[in-house]
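See below for the structure under consideration.
Every heavy atom of this structure was used, including side-chain atoms; hydrogens, water molecules and symmetry mates were not. Order of listing sets the numbers, starting from 1, for every ligand and every atom in it.
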Amino acid sequence: SQALTEQYEELDIIGQGSFGVIRKVRRLADGKILARKEIDYRKMSIREKEQLVSEVNILKDLKHPNIVDFIERVIDREKSIIYIIMEYCEYGDLATVIRNHKEQNVPIEEDYVWSILTQLVLALHECHCGTVIDPETNQLKPRPVLHRDLKPDNVFLMSKWSVKLGDFGLSRSLTNPRHAFAQTFVGTPYYMSPELISEASYGPKSDIWSLGCIIYELCALEPPFLAKSQASLAAKIRQGVVPRLPPQYSTEISDVIRAMLRVESSRRPSTQDLLAYKKIRLIKIDLD
Ligand code: ADP
Ligand code: MG
């Protein structure tokens, strides 16, 4: 493994992950700048290690222009560290974009909001409805993946208008039956869906709820459900009363946000349904 880690030159630390730092690295072979997430697995339980392996396997198979590209994983057994090498997103994350607009008191233009929505719907569609080739039968089989931790911090920017979904650290593959209904309390409570709060099972529509929260926040510059305590936040989320958007935003954007934030998960649009929205369809054609 020594030789493998030496294929990258370590540069600046760019973030702090839950299990180690994220660093910029230079690939010696061609000088390309990449990001390297460091995961110290020494103190992990067997269950956590299994989850880590499944995260890496999920990432390996997820290829989409709006999903942060996984390059390879390098294991350093002596240090008990797994390095995930991925593409470097130099424009930071969506949380920073929102914070900057809030600090300067400048609203985000609606065209930009639609563009981000479209790109995230495409990324989620690949997660929820993607397929892989089954090595045993050589045929395509569904490979549904739930992100489970959608929030502005986990949406990365390649440039102002180009975003990629990242940080699949809590994601689960639905094809792995043991992880099919993970009911653990994870994620930032602000973006947590009603069904997760009532400890029902997490499904694709729970990701849609969190997407609704992100798109709302792009417009209002604050999450739709805010409260001082965990308990009153939970109550607000379960009621699902979405505050009015600032007046400059159209009813179309308001309607799509409200649809994604329906308390009853079955009434929320799927990624398929969202791709049929006129506005999203037209931007998608532009992106292709
Ligand atoms: P965690 O699971 O701990 O939240 P993340 O994967 O979200 O870890 O990374 C934490 C932070 O590191 C991010 O919020 C971002 O600032 C930075 N970061 C992570 N991956 C990348 C990347 N591919 N390109 C640029 N910055 C990144
Ligand atoms: Mg993160």
Side-chain angles (χ1 to χ4, degrees), residues 8-27 31-45 47-60 62-74 81-100 102 116 119-120 123-124 126-127 145-173 179 182 184-192 202 206-207 210-211 213-214 217-218 223:
Y8 300 91
E9 179 193 345
E10 291 186 355
L11 304 171
D12 299 340
I13 292 179
I14 49 178
Q16 183 62 54
S18 357
F19 289 100
V21 295
I22 291 105
R23 230 182 233 290
K24 220 161 112 171
V25 294
R26 182 182 288 117
R27 184 162 60 193
K32 195 169 169 58
I33 300 294
L34 298 163
R36 190 187 75 182
K37 188 171 183 169
E38 196 174 294
I39 301 157
D40 185 341
Y41 61 83
R42 200 171 17 196
K43 295 198 188 84
M44 283 186 183
S45 65
R47 201 191 136 82
E48 281 174 323
K49 280 185 213 168
E50 279 176 4
Q51 283 181 4
L52 177 58
V53 171
S54 87
E55 175 192 355
V56 173
N57 288 334
I58 289 169
L59 285 175
K60 202 158 52 56
L62 270 178
K63 293 277 171 222
H64 187 272
N66 297 111
I67 295 177
V68 177
D69 199 23
F70 171 91
I71 312 283
E72 67 162 338
R73 62 145 168 67
V74 179
I81 290 176
I82 285 191
Y83 297 105
I84 295 177
I85 317 285
M86 58 190 152
E87 76 185 305
Y88 174 57
C89 309
E90 65 176 322
Y91 275 72
D93 57 49
L94 213 49
T96 312
V97 172
I98 294 171
R99 200 177 326 113
N100 288 343
K102 198 177 169 76
I116 302 296
Q119 294 175 63
L120 291 179
L124 268 190
E126 179 61 30
C127 295
V145 166
L146 305 179
H147 187 281
R148 301 178 84 240
D149 194 22
L150 274 172
K151 53 184 177 182
D153 322 53
N154 291 335
V155 176
F156 299 103
L157 286 89
M158 299 301 287
S159 67
K160 187 188 169 195
W161 286 78
S162 159
V163 295
K164 301 202 181 208
L165 185 54
D167 190 2
F168 283 75
L170 298 170
S171 59
R172 293 287 175 278
S173 173
H179 293 153
T184 33
F185 244 90
V186 292
T188 307
Y190 288 141
Y191 310 93
M192 196 182 278
Y202 197 98
S206 317
D207 280 343
S210 305
L211 178 60
C213 290
I214 295 176
E217 188 168 343
L218 282 172

Next item on the list: Assess Arg148 against Tyr202: is NZ or CZ under 6.0 Å from the centre of the six-membered ring, and within 45 degrees of the ring's axis?
Entry: yes

Check: Any donor and acceptor pair, going by atom type alone, linking the side chain of Asp40 with main-chain N or O of Ile81 inside 3.5 Å?
Finding: no

Note to self: For Asp167, is there an ion pair with Lys151 - N to carboxylate O distance below 4.0 angstrom?
What the structure shows: no

Margin query: Applying salt bridge (charged side-chain N to carboxylate O under 4.0 Å, His left out), can you list everything that pairs with Asp93, at least two apart in sequence or on another chain?
Written below: none

Note to self: I'd like to verify the contacts: list protein N, O or S atoms under a distance of 2.8 Å from the Mg ion (ligand 2).
What the structure shows: Asn154 OD1, Asp167 OD2

Next item on the list: Give the minimum heavy-atom separation between Met44 and Glu48, together with the two atoms involved.
Entry: CA-OE1, 3.3 Å

Next item on the list: Can you establish whether the number of heavy atoms outside Lys32 located under 6.0 Å from its atom NZ is more than 12?
Entry: no

Item checked: Residues, nucleotides or ligands: over 12 heavy atoms within 6.0 Å of Tyr91 OH -> no

Item checked: Contacts of type salt bridge (charged side-chain N to carboxylate O under 4.0 Å, His left out), residue Lys63, not counting sequence neighbours -> Asp69

Next item on the list: Please report the closest heavy-atom contact between Leu157 and Lys160, naming both atoms and the distance.
Entry: CD2-O, 3.6 Å

I'd like the atom pairs linking ligand 1 to the protein - N or O on both sides, separation under 3.5 Å - with distances to 0.1 Å.
unit_1	atom_1	unit_2	atom_2	d
ligand 1	2 (O)	Lys37	NZ	3.4
ligand 1	2 (O)	Asp167	OD1	3.0
ligand 1	2 (O)	Asp167	OD2	3.0
ligand 1	3 (O)	Ser18	N	2.7
ligand 1	3 (O)	Ser18	OG	3.0
ligand 1	4 (O)	Asp167	OD2	2.8
ligand 1	6 (O)	Lys37	NZ	3.0
ligand 1	7 (O)	Asn154	OD1	3.2
ligand 1	7 (O)	Asp167	OD2	2.7
ligand 1	23 (N)	Glu87	O	2.9
ligand 1	24 (N)	Cys89	N	2.9

